[in-house]
Number of protein chains: 2
Amino acid sequence: MAQSKTVTENGSRESERRRTILRAAIDVFARKGYHGCRIADVAKEAGVAYGLVYHYFKNKDELLETVFDTGWSGFVTRVRAVVEGEGSLAQKVQGVVDVAFEAYRVDPRAVKVLILEIARSPAGSRINRQTAFVDAIRLSSELFAQAKEAGELREDLDPLLGSALLFGAIEMGLTAFVTGLADSRDASALERAKAQIADSFLHGVLAAASPGAEAGTWKPEKSSEKSATKSKAPKRT
Amino acid sequence: MAQSKTVTENGSRESERRRTILRAAIDVFARKGYHGCRIADVAKEAGVAYGLVYHYFKNKDELLETVFDTGWSGFVTRVRAVVEGEGSLAQKVQGVVDVAFEAYRVDPRAVKVLILEIARSPAGSRINRQTAFVDAIRLSSELFAQAKEAGELREDLDPLLGSALLFGAIEMGLTAFVTGLADSRDASALERAKAQIADSFLHGVLAAASPGAEAGTWKPEKSSEKSATKSKAPKRT
DNA sequence: GCGGCGGCTGATTGAGGAATCAACCCGCCG
DNA sequence: CGGCGGGTTGATTCCTCAATCAGCCGCCGC
């Protein structure tokens, strides 16, 4: 933690405490959830006095907000770099997936908080966190829009939807690890998941039929005709 | 708990109140979120006295729990029907997607609560809601396991992951509507999304290349070599 | 050594809200 | 007619925390 000496040490010392608290907040939020923990928990985790938390953060909400800002902005920056960089659609998609999984590898608990607490948190506090995901989706939808013009993308796919599906797949893939469905201590599992997500997203989950056959086989043939009828009166409450 | 009468009309009258409250709870939760509302809000919405809520539900948490049970069990039942029914993988995938979207069409606010409040809610109360999604994913992973044996599925895809990706795509697709990213009053948008999700999931988002060309091109060629290096020190907090 | 300043402390306060409860209304039975 | 009981009411209680604040170190300059 003392590695921050690099900068002016008086400024960094103050900052060090702040970061300690932030770190503690992430850990506690990840463990008990935002609503499930007290400021006292954060203070204890950080090993500081209760009041100090309020010296660095206006209130509990700003604490979460800050966790969000630091974590999410870093993610978005990297995604933007991928989107605006060079490469084919396939490469960029893989790049976005990699960014997400790398973030998870580096700091799983921070990712857990982002996914569980922030991305989906209902319009509680002043900044609507819903925008978070929306922004990311909008951003990468440009990727798909460009790809579509370049003819890399299927004709009938809405760029916004495509982008949403990508993030949905990534998020649920990560959620599988976050919730323990998959074993996240297994590094190779992470690697495999990473590759499979991008591949499945790009090429679909169906068996790659013998070269040539499949490519010609599938066309927008409305595979839904049967199933559409089956949903009779769902979700009565 | 004399509501076991179910059919007899004196039983139904009592139950009617209960259902009124439940309905109000769904609406209020959808509007302000579980933590963002007071029991008083639910009571007011239902047009009943504050105390009556506690006559029918042990506490606030049980209220949410009940919203969850009713909504989710219906969904899972329908998904199970699809999974255990007849048809190809493609048809079943489309079926699962249809079930989800139909549920949204019938009762968007209930779906919103399920997605926003319950599915991702951190391990707060006694029943771990995390299991909800996990169960559904496990259930439909059988689908993929079978398909894999039948050779319908790509060799290298883990059934569990495939199932997770499907739900991720569905969920994020719905989230787009829930959050207003997409216009949910546009019925045809829903229809299109439904079809595109299943199609993209099955066949991928890439343009169907000229027969032969694309199919031969792609192989597990680790397209990530470039992007892997780019994430230097991600998500520093 | 001394005063003062900024980071730091943690008991105290106050509000918000979950849960309780005593009383009320009204239909029914004796 | 009177009293019983379950559904219903909403004021009251009680408790949990977020947020405050009055003061305590320990360092630095004088």
Side-chain angles (χ1 to χ4, degrees), chain A residues 1-2 4-5 7-25 28-29 31-68 117 121-122 124-127, chain B residues 1-6 8-25 28-29 31-67 117 121-122 124-127:
Chain A
M1 302 302 172
S4 51
K5 283 298 161 61
V7 223
T8 61
E9 62 283 303
N10 95 3
S12 76
R13 186 187 206 112
E14 170 195 9
S15 211
E16 197 173 324
R17 286 298 206 146
R18 195 187 142 95
R19 252 179 290 127
T20 304
I21 293 172
L22 214 43
R23 182 70 246 165
V28 174
F29 288 169
R31 196 164 351 110
K32 326 219 289 182
Y34 178 71
H35 289 286
C37 77
R38 340 265 129 244
I39 290 289
D41 298 331
V42 175
K44 196 184 294 181
E45 175 85 18
V48 302
Y50 185 101
L52 196 61
V53 176
Y54 284 92
H55 188 246
Y56 288 108
F57 301 92
K58 199 163 90 275
N59 51 39
K60 193 185 176 187
D61 215 69
E62 192 187 277
L63 194 50
L64 183 62
E65 207 74 43
T66 307
V67 170
F68 161 73
E117 296 294 333
S121 89
S125 39
R126 47 187 222 297
I127 281 196
Chain B
M1 300 306 168
Q3 54 83 260
S4 46
K5 292 293 170 63
T6 49
T8 64
E9 65 284 299
N10 94 6
S12 79
R13 184 185 206 114
E14 171 196 9
S15 207
E16 198 173 321
R17 288 292 210 159
R18 195 187 144 96
R19 252 181 289 129
T20 304
I21 293 172
L22 213 44
R23 182 72 246 165
V28 174
F29 288 168
R31 196 164 351 110
K32 327 221 284 186
Y34 178 71
H35 291 285
C37 76
R38 336 270 126 242
I39 289 290
D41 298 331
V42 175
K44 196 184 295 179
E45 175 85 17
V48 302
Y50 186 101
L52 197 61
V53 176
Y54 284 92
H55 187 246
Y56 288 108
F57 301 92
K58 199 163 88 277
N59 52 39
K60 194 184 176 187
D61 214 69
E62 191 186 276
L63 195 49
L64 184 61
E65 205 75 43
T66 307
V67 170
E117 296 293 336
S121 89
S125 41
R126 50 189 219 298
I127 279 197

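Convention: sequence-line order gives letters A, B, ...; per-chain numbering from 1. No experiment lies behind these values; they were computed from the predicted model shown.
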What protein N or O atoms touch nucleotides 20-27 of chain D N or O atoms at under 3.5 angstrom, if any, and at what distances?
none

To the closest 0.5 Å, what do you measure between OH (A:Y34) and CD (A:E117)? 9.5 Å

In Å and rounded to the nearest 0.5 Å, what is the CG to CD1 distance from B:L63 to B:I39? 5.5 Å

B:L52 CG to D:dG7 P, straight-line distance once rounded to whole Å: 10 Å

Separation between CZ (A:R17) and CG (A:L52), nearest 0.5 Å, reads 6.0 Å

Does A:Y54 have A:K60 sitting over its ring (NZ/CZ under 6.0 Å from centre, angle to axis within 45°)? no

Output, in order, the C-alpha distance, side-chain angles, deciding distance and verdict of side-chain contact (heavy atoms from CB on, under 4.5 Å) for A:V28 and A:R23. CA-CA 9 Å; A:V28 174; A:R23 182 70 246 165; over 6 Å; no

Quickly work out the B:E16 CD to D:dG7 C1' distance and round it to whole Å. 14 Å

Side chains of residues 42-51 of chain A: which donor-acceptor pairs under 3.5 Å do they make with residues two or more places apart or in other chains?
residue	atom	partner	partner atom	Å
A:E45	OE1	A:R31	NH2	2.8

With under 30° as parallel and over 60° as perpendicular, where do the rings of A:H35 and B:H35 fit, or are they tilted in between? parallel

What's the CZ-P distance between A:F57 and D:dA18, to the nearest Å? 15 Å

Taking the side chain as C-beta and beyond, is there a heavy-atom pair between B:T66 and B:R18 under 4.5 Å? yes

Residues touching DNA chain C, which here means a heavy atom under 4.0 Å, drawn from residues 35-43 of chain B: B:C37, B:R38, B:I39

How long is the line joining NZ of A:K60 and C1' of C:dG16, in whole Å? 14 Å

In whole angstrom, what separates B:R18's CZ from D:dT8's P? 13 Å

Take the protein atom NE2 of B:H55 and the nucleotide atom C1' of D:dG5, then report the distance between them rounded to whole Å. 11 Å

Once you round it to whole Å, what is the distance between C1' of C:dG7 and CZ of A:R19? 16 Å

Check every atom of D:dA18, C:dC8, D:dT8 against the side chain of B:Y56 and return the nucleotide holding the closest atom. D:dT8

Given C:dG7, is OP1 or OP2 found less than 4.0 Å from the side-chain N or O atoms of A:R17? no

From the options D:dT9, D:dG7, C:dG10, select the nucleotide whose nearest atom is closest to the side chain of A:A49. C:dG10

How many angstroms lie between CD in B:E62 and CG in B:L64, if you round to the nearest 0.5 Å? 11.0 Å

